[in-house]
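A note on names: the letters A, B, ... follow the listed sequences, proteins ahead of strands, and every chain is numbered from 1. All heavy atoms count here, side chains included; hydrogens, waters and symmetry mates do not. Just so it is clear, the structure is predicted and the values come from calculations on it, not from any experiment.
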Protein chains: 4
Amino acid sequence: MVNRRRSPRGDAAPPFRNDDGRWQELLDISARIFARKGYRSTTLQDIADEFGVLKGSLYHYIRSKDDLLYEVVKSVLDTGLRNLRDHADSPDSDVIDRIRSVTRGHVLYLIENLVATTVLLHEFDQLSEQHQRDLPIREYQTVLEDLITGAKDDSRLRADVDPQLTALAVLGATNWVYRWYRPGGSRSPEQIADYFADLLVGGLLVHAEHATATAVPSRTS
Amino acid sequence: MVNRRRSPRGDAAPPFRNDDGRWQELLDISARIFARKGYRSTTLQDIADEFGVLKGSLYHYIRSKDDLLYEVVKSVLDTGLRNLRDHADSPDSDVIDRIRSVTRGHVLYLIENLVATTVLLHEFDQLSEQHQRDLPIREYQTVLEDLITGAKDDSRLRADVDPQLTALAVLGATNWVYRWYRPGGSRSPEQIADYFADLLVGGLLVHAEHATATAVPSRTS
Amino acid sequence: MVNRRRSPRGDAAPPFRNDDGRWQELLDISARIFARKGYRSTTLQDIADEFGVLKGSLYHYIRSKDDLLYEVVKSVLDTGLRNLRDHADSPDSDVIDRIRSVTRGHVLYLIENLVATTVLLHEFDQLSEQHQRDLPIREYQTVLEDLITGAKDDSRLRADVDPQLTALAVLGATNWVYRWYRPGGSRSPEQIADYFADLLVGGLLVHAEHATATAVPSRTS
Amino acid sequence: MVNRRRSPRGDAAPPFRNDDGRWQELLDISARIFARKGYRSTTLQDIADEFGVLKGSLYHYIRSKDDLLYEVVKSVLDTGLRNLRDHADSPDSDVIDRIRSVTRGHVLYLIENLVATTVLLHEFDQLSEQHQRDLPIREYQTVLEDLITGAKDDSRLRADVDPQLTALAVLGATNWVYRWYRPGGSRSPEQIADYFADLLVGGLLVHAEHATATAVPSRTS
DNA sequence: AATGAATGAGGCTTCATTCAT
DNA sequence: GATGAATGAAGCCTCATTCAT
């Protein structure tokens, strides 16, 4: 996603290197190992081994280990947030559909970027304070809250809907996916995404309105 | 909770001592620091400092750092599971109420034991493989799945309810609480617990049946 | 000299260890190697080897390499300054004698503490800025300047004496000793000290007054 | 000064180039950084940054870092020694005047070449042993000693003058200048040079002969 | 129970140097 | 002449753990 290459030294970054592929490769490898072992339990040796260089050579690409984590995490966060906003802002669609769409979209994005998302969601606290401040992670919640708050006028929504708690519940259910989803499992990403969206909107019980509410394109389950 | 004292070295002759307060104190301190900084970023020095002994002296209480994590995590897991089962098994109550009750109970338990739960949920992977195997963490999911599976006969439940995905959604929404709940926030534990239970059962939309479904004691919102 | 022992961690220093000799030994060894190879060219490995421990074990005694340099240098500086002031302030002696005495005393002190003085004089700039600020190295010059300034009333002194340049000349000639003095050389410390004092006060040329000026106890040359 | 260009690799065929300006520039930059941070604390990266090339490219100019230090230091040493000898040997002038002149000349040279001199005086020990042997640094002392020894016949000189200690005192006072002189200070190079020469010859005290002794051109103080 | 010293392994990072392009 | 990637060695520092007292 992000292929702006940073020079390891100083701010006077040489604009572009010819083989940015190598940088992407490093990010991918790092993300994979961070996701598997955890940031703190990953050594630069681990990464260097897989990258095929000596560990000191990594410093041609990175400024520090913390910085590497930041780069891994920054790209998924940015794109993920854009993804979320795209679904939330879609101006022509019904507000309930947008809530459903945001939920679905978030789950799908998360699964498509499972490795990097895992790192983002699990290792965010390990970033330096400065790097944490540089990342708008609170925006995830805000986007959802705003969407739900904007929907409260809609009479189809329960009157006692709490945008904040709802946002947190949705984020919990969806983010948690990184803890259990494994490719090749019995449920496809789309099944999961749809099911979560339905559950959020309709709950577990049978309702008269349910049929209507689920009249959304591309539903699978 | 669990205050069976283990002997630090060798498996023989656990010296059951009466000053178990010191052992509990160590567990509490460790949990707090693990929760704040993460297991890998916590040093035994950190813990020893707060416990008021020198680093080496900790080995009068623990066998290893990994072991300490295990002890911290074991007690919340055991008690948490018992709590979950108590709510799930309550034989005299309606199955829908039990689903609601499990959800509520889990949230409340989690918040009441926020520190240790945080460690359990965030650092489980850092345990040695052996210790991971010793802990029945999958049971959480199983308890929920079984409860929902058992309720599928009930005609009030949507026919397409997926016990596994539902369990995972509920666990996600509730477990995630450790990531954002802070004492003194604007919502009380009970508000949160009730809201999550209602959301799961009823979804976001207004329904005719809603009035019935919410006939649960102590609802707040 | 300084045997206040610092604990490597935090400010809550355990007051005194029973074997402070080991700490002094470390300071001596460090000073010797710093003097021989230079601070930057000395590795903690070098020091640990001679101290007889693994390099990581040094951190039971020091907080950092920079800190070690500071400790080495702090004691000679403090004592050296006190030495200088003792000679400069001696209230009952003639001002000219005091100038001579300061010069002699400084040379003798420097030779007696050749190793540590070498480190102080050669490696001061390598200290962290904070540590540099903590050391009153400018005081050396000030003590001398003040002494000479105070002597300007005395009619025996040339009218055009410049306290600042004189202080710098004296400090240069004397401090430089660390660059060439080696024990067992052809001149004794006392000879050197006396000669430098005489040269400063009397210059190279024969003078009528010279005989008087050299009427100082313990002259050797 | 010395701008014989050496070939970077192998001793064969030094390619005398006409764009020696670049080589001089490199020497100047290196000297400046060596003087500021110390040889060991200077990285080739530091130098390359200021020189405007990448680190590796420096090896088109130098054989090694040690070699670079050698080149920086060699030129000031050679020229400085020639300067010293010129003042010492001036055949038509009085021997006392020559002593004064050598002192003055050395101070002035040192200040005029402050940066490179600093490196020479402070970093000489960091040179490889071979390079140290290649540089006739002991000659400084020898020139002075010889001059004073040659003057001992002169009845104006004190009978107990010690050529070696005197040479070392003079070199100390003058060389030390690199430790405190900063352009734009309150004393001009000439003032300093004259003052030091006078102090050496005449000392601090008032003497009858003083008037004669100071009959030297361009005296300032 | 506790101390204080030490170990041993390893972690992150730096840096002079090389080399194919 | 210059680049950019890499090497290899080493440097400082950390930390779980051990052990004699």
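Between the CG atom of C:Asp46 and the P atom of F:dC13 there is a distance of 14 Å, rounded to whole Å. In this structure, D:Tyr59 atom OH and E:dA16 atom P are separated by 7 Å, rounded to whole Å. Regarding D:Leu58, its CG atom lies at a distance of 13 Å from the P atom of E:dT18, rounded to whole Å. Rounded to whole angstrom, the span from the NE2 atom of B:His60 across to the C1' atom of E:dT3 amounts to 8 Å. The nearest whole Å value for the distance from the CG atom in C:Asp49 to the C1' atom in F:dG11 is 14 Å. One interatomic measurement links the two molecules: CG of B:Asp66 to P of F:dA16, which rounds to 12 Å at whole-angstrom precision. The interatomic distance linking D:Phe51 (CZ) with F:dT3 (C1') rounds to 15 Å, in whole Å.
Checking E:dA16 for Watson-Crick or G-U wobble geometry (two distances, each under 3.5 Å) identifies F:dT7 as its partner. Across all strands shown, F:dA2 is found opposite E:dT21 as a Watson-Crick or G-U wobble partner, with both distances under 3.5 Å.
For B:Lys65, the side-chain atoms get nearest to F:dT17 when compared with the rest of F:dA6, F:dT17, E:dG4. Counting only heavy atoms from C-beta on, D:Lys55 has its side chain closest to E:dA16 among E:dC12, E:dA16, F:dT3. Listed candidates were E:dT13, E:dA16, F:dA16. Nearest to the side chain of A:Leu44 is E:dT13.
Annotation: of the two residues near DNA chain F, B:Ser41 and B:Ser57, the 5′-most nearest-nucleotide partner is B:Ser41. When the nearest nucleotides of DNA chain F are assigned to B:Arg40 and A:Gly52 by heavy-atom distance, the more 5′-ward of the two goes with A:Gly52.
Proximity of D:Tyr61 to the phosphate of F:dA2: a side-chain N or O atom is located under 4.0 Å from OP1 or OP2. At least one side-chain nitrogen or oxygen of A:Arg22 sits closer than 4.0 Å to the OP1 or OP2 atom of F:dA6.
Using a 4.5 Å cut-off on side-chain heavy atoms (C-beta onward), A:Asp49 and A:Gln45 make contact. A 4.5 Å side-chain heavy-atom check between D:Phe124 and D:Leu135 finds at least one atom pair inside the cut-off. At a threshold of 4.5 Å between non-hydrogen side-chain atoms, the residues B:Val72 and B:Asp28 do not count as touching.
In this structure, A:His122 and B:His122 have parallel ring planes: the angle between them is below the 30° cut-off, well short of the 60° mark.
Of the options A:Gln132, A:His131, A:Gln130, a side-chain hydrogen bond (donor to acceptor under 3.5 Å, both in side chains) to A:Asp134 is made by A:Gln130 and by none of the others.
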